[in-house]
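One structure below.
Naming convention: chains lettered A, B, ... in sequence-line order (proteins, then strands); numbering from 1 in each chain. Side chains included, hydrogens not; waters and symmetry mates left out as well; all remaining heavy atoms used.
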There are 2 protein chains.
Amino acid sequence: MSEKVTIATVARHAQVSRQTVSNVLNSPHVVREETRRRVQEAIDALGYRASQAARQMRTGRSRLIAVRIEPTRDGINGSVLDRFLHGLTETAEAAGYRAMLYTAADAAAEIATFDDLLSAYDLDGFVLTGTDHGDPRTAWLAERAVPFVTFGRPWDDPDAHPWVDVDGAAGTAQATGHLLAAGHRRIGFIGWPAGSGVGDDRRAGWREALRAAGVDPAGLDREAVDGIAEGERLAADLLAAASPPTALVCASDSLALGALQAARAAAPSTATAAHTGPAAHTGAPAVPVIGFDDTPVAAAVGLTSVSQPLGDAAARCVDLLTAVLDGPPRTPAPVLLQPSLVLRHTA
Amino acid sequence: MSEKVTIATVARHAQVSRQTVSNVLNSPHVVREETRRRVQEAIDALGYRASQAARQMRTGRSRLIAVRIEPTRDGINGSVLDRFLHGLTETAEAAGYRAMLYTAADAAAEIATFDDLLSAYDLDGFVLTGTDHGDPRTAWLAERAVPFVTFGRPWDDPDAHPWVDVDGAAGTAQATGHLLAAGHRRIGFIGWPAGSGVGDDRRAGWREALRAAGVDPAGLDREAVDGIAEGERLAADLLAAASPPTALVCASDSLALGALQAARAAAPSTATAAHTGPAAHTGAPAVPVIGFDDTPVAAAVGLTSVSQPLGDAAARCVDLLTAVLDGPPRTPAPVLLQPSLVLRHTA
DNA sequence: TTGTAGGCGTTATCAA
DNA sequence: TTGATAACGCCTACAA
């Protein structure tokens with residue numbers, strides 16, 4: 001094992017002062033080209049790496065950003081986080097930052113963690129996922145002028161802070177449009193109870209798409225907490241109505257999976273013998289169903305679903321955060337990404 | 001915003017020297033009880049937190065452990081990582097450590113990252129997932145005496161370094177035993193090509209269980225790279241044999257999902273009208289199928305699967321790592337966790 | 001049991 | 001353009 005290589009080692013090796021080495025690293029333009037080259041060679045030859053800890057002591061910056069890892073919920077929609085985290089880590093690395101993980105049971109615990117991370121580790125910024133109306137976390141961070149970006153719009157005020165989001169309304173509108181184009185008119189929707197920003201947004205996309213096509217959405221939607229069982233129950237209810245929908249759009253893959261079962265139970269598939277792909281055993285249901293999130297489950301089951309560009313979203317989160325950290329102190333413009341419809345066997 | 005609270009602030013507040021404050025933090029036993037209490041009160045009142053950076057400069061320890069986040073593969077088995085990461089982060093926090101994420105395209109890139117993380121961030125240790133025969137990463141780390149734990153056995157030498165693993169052979173043996181108990185004799189296996197430690201282990205569990213029951217496993221297994229399509233192809237091949245198996249055990253949920261389709265295609269379900277649960281539409285196949293990993297997809301589809309205790313595994317990884325970091329310099333004993341069979345509709 | 005001095009590796013300030 | 005000096009906050013000797 002070689003001894004620890006510090007800036008002093010490099011300085012000695014390159015016959016310059018420590019300060020010059022530091023300048024080569026942080027302000028290359030003030031160093032004469034020839035000196036710069038000599039120092040750079042010494043750095044490479046010695047395999048020198050600046051100590052983050054020492055640097056942090058001076059600058060107060062850790063080049064660390066934190067993101068919360070939530071306990072996987074039903075596992076179906078929870079897998080969304082995986083892709084997001086990978087994109088985040090990768091983009092952060094490219095920008096010279098590292099991603100740190102933390103857990104928190106609720107908003108209060110999360111705020112306590114902010115405090116800890118900030119004072120003990122000097123975290124540079126946070127990436128928050130899943131914001132909602134009147135989020136106490138964003139208020140806490142904003143009050144202390146801590147840089148942060150949210151993946152999810154601040155539903156109260158779009159200019160409150162930098163954010164990245166996926167246009168959920170556009171996603172459900174696209175799904176609805178696809179069904180409309182296939183000749184359907186009475187298209188139902190199964191979503192979450194009113195009040196959640198994300199849920200309302202997805203419902204609105206369906207509603208507006210229907211209205212734009214001249215269809216009255218009244219009575220065609222149901223509200224359910226997330227879950228397969230709930231999706232099945234509500235879909236059955238919807239399909240048993242006086243004039244039932246002929247196709248279904250759902251706010252999540254979980255709901256869609258349940259709806260799919262209800263659809264099959266109500267009207268047995270016409271394509272039982274079809275065998276056109278990996279999940280062909282599920283066949284095309286008589287009542288088409290479209291989910292949301294394009295989870296692995298959707299792919300495995302052949303469920304048509306709205307796909308969110310999670311890798312991109314994560315990358316843009318890092319972009320926005322580093323813009324705040326490295327750039328001038330102005331709030332960067334928010335980013336609204338477009339989802340895409342992944343066609344499979346159920347619609 | 002209040003000014004930064006340092007050890008000096010606390011010392012002033014509690015009318016003691018900085019050193020006494022440091023002692024309260026690091027060696028409470030050498031401080032008089034009354035003094036200790038006064039200092040502790042000052043710490044709480046001021047909300048003081050030791051600066052990791054400064055501490056790290058002195059001690060050379062960062063209280064950071066790193067874990068790699070892989071790009072989600074087929075999404076089905078990739079979701080395994082989610083639960084593992086959450087458990088890891090949570091246990092690390094409880095032990096006073098934080099988890100840092102990194103990405104790497106291959107082993108060489110990962111080793112380069114080790115070097116960077118070690119010299120720039122002073123990482124205390126690594127948690128590696130998915131080791132294999134002659135893993136260059138473990139060799140590199142061991143050579144430099146960097147503390148690390150693997151989730152996955154070192155297949156070459158069980159004493160090479162601390163590790164945590166799930167007994168895959170016990171899992172497939174349990175699955176096989178379940179089918180045996182149900183009266184099956186000719187139980188097939190679809191696994192990965194020989195050569196991977198994990199794959200061979202899972203296959204061995206099936207083979208031994210069959211042999212113990214007096215059944216000759218010859219000709220009853222197939223090898224396939226992971227994936228739904230591959231699983232379907234191999235299962236169809238197996239079921240078309242002279243004396244086909246009457247039940248199937250698979251090395252992954254992906255393979256099992258494909259096998260399920262082949263099973264249904266070969267012998268249409270006898271329980272089409274059954275409706276006993278969330279995924280009842282899939283019914284019980286004539287040829288029972290059991291998967292491995294208990295992914296969200298398995299749950300959604302009603303696939304019986306072998307479940308790995310990922311949260312526990314992550315926790316034990318942290319335990320072992322902190323034992324190395326905080327304890328005496330001896331290699332802690334490895335941990336082999338038992339998986340459990342989650343019974344659903346396909347077996 | 002408590003206090004003083006020095007230094008970890010870096011960067012900012014200022015002088016040469 | 002380069003170099004000397006001080007300071008970031010903490011911990012480990014050692015002295016009181």
* Asked: Would you call the rings of Y102(A) and F114(A) parallel, tilted or perpendicular if under 30° counts as parallel and over 60° as perpendicular?
  -> perpendicular

* When rounded to the nearest 0.5 angstrom, what distance separates CG in L128(A) from CG in L141(A)? -> 6.0 Å

* **L85(A) and L85(B), any side-chain heavy atoms less than 4.5 Å apart** => yes

* Indicate yes or no: at least one non-hydrogen side-chain atom of N23(A) is less than 4.5 angstrom from one of V39(A). => no

* **Exam field: side chain T331(A) to backbone P162(A), donor-acceptor pair closer than 3.5 Å** => no

* Asked: Taking atom P of dC8(C) as reference, at what distance in whole Å does atom OH of Y121(B) sit?
  -> 23 Å

* Structure fact -> Scanning both residues in full, the closest heavy-atom pair of V10(A) with L46(A) reads CA-CD1, 3.8 Å

* Structure fact -> With B for base contact, S for sugar-phosphate-only contact and - for none (protein heavy atoms under 4.0 Å), nucleotides 9-16 of chain D reads BBBBB---

* To do: Work out which heavy atom in Y48(B) is nearest to a heavy atom in T6(B); give both atom names and the distance.
  => CE1-C, 3.6 Å

* End-to-end bend of the helix from dT1(C)-dA16(D) to dA16(C)-dT1(D) (five-pair axes, 10° rounding)? -> 40°

* Structure fact -> In numerical order, the residues of residues 29-42 of chain A whose heavy atoms come under 4.0 Å of DNA chain C are none

* R316(B) CZ: over 12 foreign heavy atoms closer than 6.0 Å -> no

* Asked: Which atoms form the tightest heavy-atom contact between R63(A) and A95(A), and what is the distance?
  -> NH2-O, 3.4 Å

* **side-chain hydrogen bond (donor to acceptor under 3.5 Å, both in side chains) evaluation trace for E93(A) with T103(B)** => CA-CA 8 Å; E93(A) 283 175 359; T103(B) 62; 2.7 Å; yes

